[in-house]
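All heavy atoms count here, side chains included; hydrogens, waters and symmetry mates do not.
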Amino acid sequence: MDLGEKVLYHQIHPAKLTADVSGSLVSTYLMWRHKFVAALLSAFGPATIASVLVIRYADLEKRKHSPFGRYMHRYMNRRMEAWRFFGQVLIWAGAWHRVGKLVPIGWAIVVAAWTSGLWRKPTNKGTQSLIHPTS
């Protein structure tokens with residue numbers, strides 16, 4: 001498995017998903033409290049550590065051949081990754097400015113980006129990622 005595949009499939013590893021979801025929740029709370037640096041550290045610190053460890057040490061072949069892995073191959077690309085990140089930024093902006101309705105809208109964007117394969121056609125470049133775009 002090359003780096004591009006590892007970057008794609010590590011996104012669905014339970015350790016990475018746990019780091020991302022918990023980091024999102026904690027950082028959103030901290031943004032609401034106007035603790036910007038702590039919020040960014042709580043979001044990106046665990047997520048980065050999880051990414052490095054999962055990409056380096058996890059056997060991602062099982063994830064690649066799972067139904068979720070096949071879904072990722074078909075539908076997850078840089079555009080969907082960007083939409084997921086945009087949703088998170090909207091969540092943070094809503095928390096920072098205390099515009100509560102932006103938080104669920106941001107979550108809806110994140111969920112829609114993850115599940116967009118339910119209504120989109122597969123891409124020819126299903127293994128595109130932010131780090132290894134030519135895969």
Side-chain angles (χ1 to χ4, degrees):
M1 182 175 293
D2 67 18
L3 180 60
E5 288 180 308
K6 287 182 178 186
V7 168
L8 177 66
Y9 298 115
H10 95 286
Q11 297 175 62
I12 60 172
H13 191 280
K16 175 62 172 152
L17 289 170
T18 299
D20 287 347
V21 172
S22 61
S24 175
L25 295 172
V26 171
S27 65
T28 300
Y29 169 77
L30 291 169
M31 284 290 193
W32 192 273
R33 305 281 311 224
H34 288 169
K35 298 183 183 291
F36 186 78
V37 173
L40 293 183
L41 288 173
S42 69
F44 293 113
T48 301
I49 291 167
S51 289
V52 168
L53 293 175
V54 168
I55 288 170
R56 173 67 178 98
Y57 296 108
D59 178 10
L60 296 171
E61 283 293 332
K62 187 170 30 171
R63 308 262 173 248
K64 177 180 179 177
H65 299 293
S66 71
F68 201 8
R70 289 189 295 277
Y71 174 87
M72 292 291 287
H73 176 77
R74 277 193 162 124
Y75 299 106
M76 191 55 60
N77 56 36
R78 292 187 325 185
R79 183 181 314 151
M80 290 303 104
E81 291 169 353
W83 274 108
R84 287 171 21 208
F85 187 69
F86 171 74
Q88 180 60 61
V89 170
L90 194 61
I91 292 165
W92 288 332
W96 183 267
H97 296 289
R98 298 200 174 141
V99 179
K101 65 183 173 186
L102 291 180
V103 174
I105 291 170
W107 271 105
I109 291 169
V110 172
V111 170
W114 271 108
T115 60
S116 64
L118 298 175
W119 62 83
R120 287 190 308 121
K121 292 182 180 179
T123 63
N124 291 332
K125 299 177 183 173
T127 58
Q128 271 189 337
S129 71
L130 292 171
I131 293 175
H132 200 69
T134 59
S135 292

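- Under a hydrophobic clustering in which Ile, Leu, Val, Met, Phe, Trp and Tyr are joined whenever their side-chain heavy atoms come within less than 4.5 Å, directly or via other members, Ile91 and Val26 fall into different clusters.
- Rounded to the nearest 0.5 angstrom, Leu25 CG and Leu30 CG are separated by 11.0 Å.
- Atom CD1 of Ile109 sits about 12.5 Å away from atom OG of Ser116, to the nearest 0.5 Å.
- Annotation for Arg98: atom CZ counts as buried by contact number, over 12 foreign heavy atoms lying within 6.0 Å.
- Taking the six-membered ring where the residue is Trp, Phe85 and Phe44 present tilted rings, their angle falling between 30° and 60°.
- Centroid-to-centroid, the aromatic rings of Trp83 and Phe86 come within less than 6.0 Å.
- Taking both residues in full, the closest heavy atoms of Trp92 and Ser27 are given as NE1-OG, 2.8 Å, listed atom of the first, atom of the second, then distance.
- Residue His13 holds its NE2 atom at 11.0 Å from CD1 of Ile55, rounded to the nearest 0.5 Å.
- Note that OH of Tyr29 is 15.5 Å distant from OG of Ser24, once rounded to the nearest 0.5 Å.
- Rounded to the nearest 0.5 Å, atoms CE (Met76) and CD (Gln11) are 6.0 Å apart.
- In this structure, the side chain of Ser51 engages the main chain of Ala47 through a donor-acceptor pair within 3.5 Å.
- Of the candidates Glu61, Arg63, Lys62, Glu61 is the only one forming a side-chain hydrogen bond (donor to acceptor under 3.5 Å, both in side chains) with His65.
- Remark: Lys64 NZ to Ile12 CD1 distance equals 11.5 Å, nearest 0.5 Å.
- Counting only heavy atoms from C-beta outward, the side chains of Val110 and Leu90 never approach each other to under 4.5 Å.
- Under the 30°/60° scheme for interplanar angles, the aromatic rings of Trp96 and His34 are found to be tilted.
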Tell me, with the steps shown, if Met31 and Leu40 meet side-chain contact (heavy atoms from CB on, under 4.5 Å). CA-CA 9 Å; Met31 284 290 193; Leu40 293 183; 4.1 Å; yes
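- Counting all heavy atoms, side chain and backbone alike, His73 lies closest to Leu8 at CA-CD2, 4.0 Å.
- Between Phe68 and Trp114, the ring planes are tilted. Angles from 30° to 60° get that label.
- Within the 4.5 Å cutoff, side-chain heavy atoms of Tyr75 are placed close to those of Arg120.
- Looking at heavy atoms from C-beta onward, Leu60 lies out of side-chain contact with Glu5 at the 4.5 angstrom threshold.
- There is a path of hydrophobic side-chain contacts, each under 4.5 Å, that joins Val89 to Phe36.
- Taking every heavy atom of both residues into account, Gly94 and Trp32 meet most closely at O-CZ3, 4.0 Å.
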